[in-house]
Number of protein chains: 2
Amino acid sequence: MPAEARPYHHGNLRAALLDAAERSVEKSGTEQLSLRELARVVGVSHAAPRAHFTDRQALLDALAERGFGRLGAQLKVARDGAGPGFGERLRAVIAGFIAFANSRPVLLDLMFSAKSYGDKAQLPAAAETLAVVYDLIGDGVAEGALAPGDPERYGLLLYSWAQGLASLIASGGLQPEVADSLVSDAVSTFIRGNAAG
Amino acid sequence: MPAEARPYHHGNLRAALLDAAERSVEKSGTEQLSLRELARVVGVSHAAPRAHFTDRQALLDALAERGFGRLGAQLKVARDGAGPGFGERLRAVIAGFIAFANSRPVLLDLMFSAKSYGDKAQLPAAAETLAVVYDLIGDGVAEGALAPGDPERYGLLLYSWAQGLASLIASGGLQPEVADSLVSDAVSTFIRGNAAG
DNA sequence: CCCTGATCTTGCCATTGCCAAGTTTCTTGT
DNA sequence: ACAAGAAACTTGGCAATGGCAAGATCAGGG
């Protein structure tokens, strides 16, 4: 069965569509994404995607969910690769987040845009991502680096800032080194602003 | 000339389109915005908008620019209505920003989304908005409430956080009082984390 | 008074998302 | 092994959209 004479069944259409979609979205923006165009790129008929995604939005939701999976994994790697101290780990995780934002700005936007909250199925993936941050905060409080307080509240503060920074950086206009030091300042401000004692 | 027999020339089409667009966008999201639908609502032919906006994107850009104008004005009012101290003014301005985010979440998203940066013409409007914040920060440093430092850097830190908070709040899922206290915590953290001495 | 430019209209086209019905392949139960 | 059913994919079609072209209408200055 030669690969050129493409078989009736693609075999991996769902993943292929998501890959193509991610490339397209990152290159031309979410609004420009066309299901028919994706189908052409992948080499199937214009209605084939329908078998895997009921909707254009469903495709976007799936893209976002996959993004959360990767983000979560990346954050864990960053955390585990850093030193043992709270500050080091926090810095590493936030840096990982910003790196993700730099490498896949549109995807990140897609993940956190209000539109995607329509699909509840992806909440677990998002929650797992956030859990990395929450756990870290719990450690920070336990270590005494942060004043005692609600971890979730700390998480929201930190998360909102990270997202704002990511959005700012993704919008371009900032030199990479400026961006890095900005993030570093933000983390310092956060730790100092919530220090115990 | 009775108003019902609508004249050939609308007379105020541009503004009418922007108004209708803002309502539509705020109600159904940016992606759903249809130029033809707008034309129907306003009562003109489907190609009439073309005389005022070359593009769908041009319409969105104009919307964003008008939004910046309003935001800037609102922030100034908030600042001038607050007490004389740096902390009070900062709090008032950030609160004004969040209020804007609550009342027009989609518009704010439109204003700060990377898409809009295509049109350089709106940068002045955005800059004027940010100037309010920058000035305030200069005051803070002068008062000794903030450690000496680059006002622009402070501005970026603050701005990114405000945007992240606004985005979080606009995405829903947060009780208003929770949102308010979260914002308050953020401002406190920022001031404490950058306090002089 | 005319005429130039701005405003608006009708008509058109390619593209898109989505749906329906039919075809081909895989799978599963017996 | 084999038939029945499910899953994957195809062709065909529809309504709506954005954008373009050419013409109608109007406003204001020469």
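Chain letters run A, B, ... following the sequence lines, proteins first, then strands; residues in each count from 1.
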Quiz item: Quick one: which of C:dC18, D:dA21, D:dA8 gets closest to the side chain of B:A47?
Solution: D:dA21
Quiz item: OP1, OP2 of D:dT17 versus side-chain N and O of B:R40: anything below 4.0 Å?
Solution: yes
Practice problem: In whole angstrom, give the distance that lies between atom CD of B:E31 and atom C1' of D:dT17. | Solution: 14 Å
Practice problem: For the pair A:E143 and A:R89, find out whether any cationic side-chain nitrogen is under 4.0 Å from an anionic carboxylate oxygen. | Solution: no
Quiz item: Mapping A:E37 and A:R50 onto DNA chain C by nearest heavy atom, which one lands closer to the 5' end?
Solution: A:E37
Quiz prompt | Which nucleotide in C:dT9, C:dC8, C:dC18 has an atom nearest any side-chain atom of B:S45 | solution = C:dT9
Quiz prompt | Verdict with supporting geometry, B:R40 and B:S34, side-chain hydrogen bond (donor to acceptor under 3.5 Å, both in side chains) | solution = CA-CA 10 Å; B:R40 277 190 294 266; B:S34 153; 4.8 Å; no
Self-check item: Options D:dA8, C:dT7, D:dG18, nucleotide nearest the side-chain atoms of B:H52
Solution: C:dT7
Quiz item: Using a cut-off of 4.0 Å on non-hydrogen atoms, how would the nucleic acid contact of B:H46 be classed: base, sugar-phosphate, or nothing?
Solution: base
Exercise. Check the distance between C:dC8's P and B:L38's CG and give it to me in whole angstrom.
Key: 14 Å
Quiz item: What about A:V41 and A:L17, same hydrophobic cluster or not, with Ile/Leu/Val/Met/Phe/Trp/Tyr joined at side-chain heavy-atom distances under 4.5 Å?
Solution: no
Practice problem: Give one of base, sugar-phosphate or nothing for B:L59, where a contact means two heavy atoms less than 4.0 Å apart. | Solution: nothing
Quiz item: Rounded to whole angstrom units, what separation is found between the CG atom of B:D55 and the C1' atom of D:dC20?
Solution: 12 Å
Practice problem: Show your reasoning for whether side-chain hydrogen bond (donor to acceptor under 3.5 Å, both in side chains) applies to A:Q163 and B:S167. | Solution: CA-CA 8 Å; A:Q163 188 192 341; B:S167 171; 2.8 Å; yes
Quiz item: Taking OP1 and OP2 of C:dT16, is either one under 4.0 Å from a side-chain nitrogen or oxygen of A:S34?
Solution: yes
Quiz item: Is any N or O donor-acceptor pair between the side chain of B:R36 and the base of D:dG18 shorter than 3.5 Å?
Solution: yes
Quiz item: Between C:dT16 atom P and B:R56 atom CZ, what is the distance in whole Å?
Solution: 15 Å
Practice problem: Select one nucleotide: of C:dC8, D:dG19, C:dT10, the one nearest the side-chain heavy atoms of B:L13. | Solution: C:dC8
Quiz prompt | side-chain contact (heavy atoms from CB on, under 4.5 Å) partner of A:R66, chosen from A:L18, A:L71, A:D61, A:L107 | solution = A:L18
Practice problem: Identify which nucleotide among D:dG19, C:dT7, C:dG17 has an atom closest to any side-chain atom of B:L35, counting heavy atoms from C-beta outward. | Solution: D:dG19
